[in-house]
Amino acid sequence: DPMGGVWIIGYAAPFAASDSARWVDTTSGTITALALPKGFRPYQFGSDFVLGVQTGEDDGLTVARFGLKR
């Protein structure tokens, strides 16, 4: 937004597993897994990033973006 804030609008339910995420590629017949930090709930996967919400020790929520390397 103009004030520099980042907003996430959930378009789907968050992943049930908070410690990992999996992609199934039916074309190549492969499964890719990704270990996620504790308390992180992903909302969007890009080609080189994962965007989601991180729950802190005080139960506060922070938007977090992690880069992916191939």
Side-chain angles (χ1 to χ4, degrees):
D1 69 14
M3 302 300 291
V6 177
W7 297 82
I8 295 180
I9 299 172
Y11 57 89
F15 288 81
S18 60
D19 61 347
S20 66
R22 291 173 180 78
W23 293 274
V24 177
D25 185 345
T26 56
T27 304
S28 65
T30 60
I31 299 174
T32 304
L34 175 68
L36 301 173
K38 182 178 179 182
F40 179 74
R41 298 184 74 88
Y43 283 91
Q44 180 182 2
F45 289 92
S47 61
D48 62 349
F49 70 92
V50 177
L51 181 67
V53 176
Q54 180 79 40
T55 304
E57 292 180 7
D58 61 353
D59 291 331
L61 298 177
T62 305
V63 174
R65 183 180 187 274
F66 297 98
L68 299 175
K69 292 183 181 179
R70 295 184 183 260

Next on the checklist: Holding to side chain to side chain contact (heavy atoms under 4.5 Å, CB included), I want the full list of residues that pass it with Thr55, two or more places apart in sequence or in another chain.
Outcome noted: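 So Thr55 forms a side chain to side chain contact (heavy atoms under 4.5 Å, CB included) with Asp59, Leu61.
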Checklist entry - Looking at residues at least two apart in the chain, or sitting in another chain, which of them share a side chain to side chain contact (heavy atoms under 4.5 Å, CB included) with Phe66? => result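 Testing Phe66 for side chain to side chain contact (heavy atoms under 4.5 Å, CB included), a comparison that skips the adjacent residues, returns Pro37, Phe40, Gln54, Ala64.
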Next on the checklist: Can you list everything that forms a side-chain hydrogen bond (donor to acceptor under 3.5 Å, both in side chains) with Thr30? Sequence neighbours excluded, please.
Outcome noted: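 Ser28.
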Checklist entry - With respect to Tyr43, which candidate in Val63, Val50, Val53 satisfies the side-chain contact (heavy atoms from CB on, under 4.5 Å) definition? => result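 Running side-chain contact (heavy atoms from CB on, under 4.5 Å) over Val63, Val50, Val53 with Tyr43 returns exactly one hit, Val53.
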Checklist entry - Taking all non-hydrogen atoms of both residues, which atom of Gly46 and which atom of Leu68 are closest, and how far apart? => result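 Shortest heavy-atom contact: O-CD1, 4.2 Å.
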